[in-house]
4 protein chains.
Amino acid sequence: MAEMAARGRPRSETARRAVLDAALRLCQRDGYQALTIKGIAEAAGVGRQTVYRWWPTKEAVLLEALRDLVHRQGARLAPDTGDTLGDIRTLLDTTFRLARELTGHALVGLMAEAQHDPGLSARLQGTVVGPRRAALHDVLVRGVERGELSDDEVSLGLAVDFVFGTMWYRLISHHAPVDDDLAQQLTHALSRLLRPAGATADGLAAPGRKRRL
Amino acid sequence: MAEMAARGRPRSETARRAVLDAALRLCQRDGYQALTIKGIAEAAGVGRQTVYRWWPTKEAVLLEALRDLVHRQGARLAPDTGDTLGDIRTLLDTTFRLARELTGHALVGLMAEAQHDPGLSARLQGTVVGPRRAALHDVLVRGVERGELSDDEVSLGLAVDFVFGTMWYRLISHHAPVDDDLAQQLTHALSRLLRPAGATADGLAAPGRKRRL
Amino acid sequence: MAEMAARGRPRSETARRAVLDAALRLCQRDGYQALTIKGIAEAAGVGRQTVYRWWPTKEAVLLEALRDLVHRQGARLAPDTGDTLGDIRTLLDTTFRLARELTGHALVGLMAEAQHDPGLSARLQGTVVGPRRAALHDVLVRGVERGELSDDEVSLGLAVDFVFGTMWYRLISHHAPVDDDLAQQLTHALSRLLRPAGATADGLAAPGRKRRL
Amino acid sequence: MAEMAARGRPRSETARRAVLDAALRLCQRDGYQALTIKGIAEAAGVGRQTVYRWWPTKEAVLLEALRDLVHRQGARLAPDTGDTLGDIRTLLDTTFRLARELTGHALVGLMAEAQHDPGLSARLQGTVVGPRRAALHDVLVRGVERGELSDDEVSLGLAVDFVFGTMWYRLISHHAPVDDDLAQQLTHALSRLLRPAGATADGLAAPGRKRRL
DNA sequence: AAATAAACGAGACGGTACGTCCTGTCTTTGG
DNA sequence: CCAAAGACAGGACGTACCGTCTCGTTTATTT
């Protein structure tokens, strides 16, 4: 396992961080469409060639910036405390907080771009979106295995789409926030959707219920 | 009520249609980002100024093209047959078919653009997205009034987000189709989410049920 | 000799004059290059097509405007009073005054344009410039016939070029005015250039001389 | 005396020359009006921005092209051989040859443009036209100092205008060539115009003299 | 310490789309 | 049938950014 002998000046971590930070900042400020490599380089105080040397497109810059951001958060994806609904809540809270900070502009712009760029789509799903989906799916599977949930009536895939679809939809159309309240409502809705046949309706508390005997 | 006297050469409906058609076609073929006004004008066989004369941006062109498409479909939005779940199915089938044809690229691109353009966002919601949302909401309200559905546990707003969120999410990430099967699953899931407290589980058939003890 | 029967609405003299006036005014104000047919039509309060119907190019408009201006001045071209130098002075005074009023911009611009438009060049020479040249030449010829001048040493053609060349040169480069003083100096210079061999130097008055008995 | 450190890619002399050459060539071929920056860039095989980066207008391109041409010719402006008339002939021959090659179109077009652009006018006079004028004036002044010429009757300024006016006039109206013959005639005419009072007519040979008593 | 080599900033290069303006033609209403 | 109004296809304008290419400089490793 011979290492490639390092020759010449090593890559500047300072420049790399400056580029990623500038990309996220500009995308958040001016929107995805208005983001240009020239603009990123200038905002980062970096030569344009330095960007092109390491990233082929502005999408690649943004994607790496997002991946870095996610990694730095180092969020625990799939906690397993034995309490399925509690795990769901935890996961949703973490995910929603990340989504709010994650510069919706960047994510939505990348998603739009990924419409006709399968490679980008795959990387986006693989590094940013996919792990969250998989984590939720895992929690639900464990719930089914424990008998707390059932996929007899509604498939787990649809349940996962329910959660992330609603999140995305609100991120995009802004008609309602993606906050802790949404996490609570979604958790409750999931419990109804996936409730096993024999479970009583009272086994779980409805969010808005005022106490109903 | 004197009409403004018509002076000068009247606007060419031919050119208008050519522009709108070319815009949708190019957006579908090359994606939203690659769409340019120059490209639209050339594909439509139209002078560039003719586009700028009537539409300020490519977003405006796409928006009008979508609106035209929706209007031409003239889809019945909120059928009221007395059968709430049947009405939901009808509405979903119509909406999904439209979404599939509607050049997801255009819609998603516009959505991305609308992130930092409140005016576009409003027009997009008002003309293309909003009516569908409102129609579904109306159907659900009627269901609640008839006692077929209940919003005690899950708010109707969240239920609507569930449907459209899932649709959007699949349109964007392509991990599953937006087809009649999805309409069926969503209808069934809605019936579970909004089932009144006293209703028996058997009142409604589960779509993909494999076994039922 | 049957006249062509006049049919339909007759041409509007008002519009014609408005166009010609606007053309001269705009050319004087903004220069020849900045002159556009659209601008002329709008300044004249006239439809664009009305200009194109009667004149093929902006050059044609300007040329007709100049021709009109010259005709309206109705300047006597070649007075024959018997006093050759006096006739020259008269002719130069008239010509210079016309040139000053004639919107040098228009004339110079047309000349520049005529560089690669032989037809325009011919019409320009024929209607505006040529008659003046011919008139001066006639006066000089009469002077030679009377023995007051001689073309032995300097050809009359060169003498004419001397006068008009100097005028044009000053109109173009603005380094000195084209005024009565120039007319006087040129007249005196001509008398020297074309003085017959036997004439005394005193036969003609030098320009700056104040009365010399 | 520290030089400004050279940074970035240096300007391409190849591109500069290609632009200047293309500009002169196109102006000569199609005329000044038809000259466009787009056309220059394409003919030079150069990006349009490369032209705009270094020259603000097509006038500036032409002016620099002319200046380069003049410099490359490196013409001796004011020879001083002691023979005034000989010096004049030499200067005129050089100037006329340059003018013929110098793409009259470019010069006349620039002159026309300079009508309403004082800055251009000044630069045009300063770099291309002025030095020739000054050179001729110097020669004439030396002639006066030597007693070979006199400015008693005709001012030297008018004499200079005579020469350059005639040249310009012929360049513009094309009614006669600007060749060696013109140089000879003008030299002779100058000798008459500026002949000192006491000089005999025979001191200088008339060029086209037919008979001499 | 000197040589080598790659990354760095800067910025010019050939291109392309932008949004504006004008061209010359056309198509309408109205005198 | 002319005039005004103005939409039409087309094309040049001057600007911005693209992605590539030199430059001189800096910062490492390898002699």
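Residue numbers begin at 1 in each chain, while the letters A, B, ... track the order of the sequences. Side-chain atoms are counted along with the backbone in the values below, which use heavy atoms only and exclude waters and symmetry mates.
Atom CD1 in A/I40 sits roughly 14 Å away from atom C1' in F/dG19 (whole-Å rounding). Between A/I37 atom CD1 and E/dG11 atom P there is a gap of 19 Å when expressed in whole angstrom units. Atom pair D/K58:NZ and F/dG14:P shows a separation of 9 Å (rounding to whole Å applied). Regarding D/Q33, its CD atom lies at a distance of 14 Å from the C1' atom of E/dT23, rounded to whole Å. C/K38 places its NZ atom 19 Å from the P atom of F/dG11, with the value rounded to the nearest Å. For the pair D/R11 CZ and E/dG14 P, the computed distance is 11 Å after rounding to whole Å. At whole-Å resolution of the value, CD in C/E42 and C1' in F/dG6 are 11 Å apart. Put simply, CG on B/L35 is 9 Å from P on E/dC18, counting in whole angstrom units.
Contact annotation: side chain of D/R9 to base of E/dC13, donor-acceptor pair absent below 3.5 Å. The base of E/dC26 sits within donor-acceptor range of the side chain of C/Q49, with an N or O pair under 3.5 Å. A donor-acceptor contact under 3.5 Å is formed by the side chain of C/R48 with the base of E/dG24.
Remark on DNA chain E: of its neighbouring residues B/P10 and D/S12, the 5'-side contact belongs to D/S12, judged by nearest-heavy-atom nucleotide. Heavy-atom distances to DNA chain F give each of B/R16 and C/V46 a nearest nucleotide, and the one nearer the 5′ end belongs to C/V46. When each of D/A15 and A/E13 is assigned the nucleotide of DNA chain E bearing its nearest heavy atom, the one mapping closer to the 5' terminus is A/E13.
Within the 4.0 angstrom heavy-atom criterion, only backbone atoms of the sugar-phosphate kind lie near A/W54; the bases stay farther away. Backbone-only contact: B/G45 has heavy atoms under 4.0 Å from sugar-phosphate atoms and none from a base.
Proximity of C/L62 to C/Y32: side-chain heavy atoms (C-beta onward) are separated by under 4.5 Å at one or more points. No side-chain heavy atom of C/H71 sits under 4.5 Å from any side-chain heavy atom of C/D68.
Nearest approach of A/I37 to A/T57, heavy atoms of both residues: CD1-C, 4.0 Å. Annotation for A/L124 and A/A114: closest pair CD2-CB, 4.4 Å, computed over non-hydrogen atoms.
Checked against D/T127 for a side chain to side chain contact (heavy atoms under 4.5 Å, CB included), the options D/V70, D/L66, D/L63 give a single hit: D/L63. B/L35 pairs with exactly one of B/D30, B/I40, B/L24 by the side chain to side chain contact (heavy atoms under 4.5 Å, CB included) rule, that one being B/I40.
Taking only side-chain atoms of A/Y52, from C-beta outward, the nucleotide of F/dA3, F/dC8, F/dC18 with the closest atom is F/dC18.
Between D/E64 and D/R16 there is a salt bridge, with a side-chain nitrogen of the basic residue lying less than 4.0 Å from a carboxylate oxygen of the acidic one.
Put simply, the side chain of D/K58 never gets that close to the backbone of D/A23: no donor and acceptor are under 3.5 Å apart.
The phosphate of E/dA7 has neither OP1 nor OP2 within less than 4.0 Å of any side-chain N or O from A/T50.
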So which protein N/O to nucleotides 2-4 of chain E N/O distances come out below 3.5 Å?
none

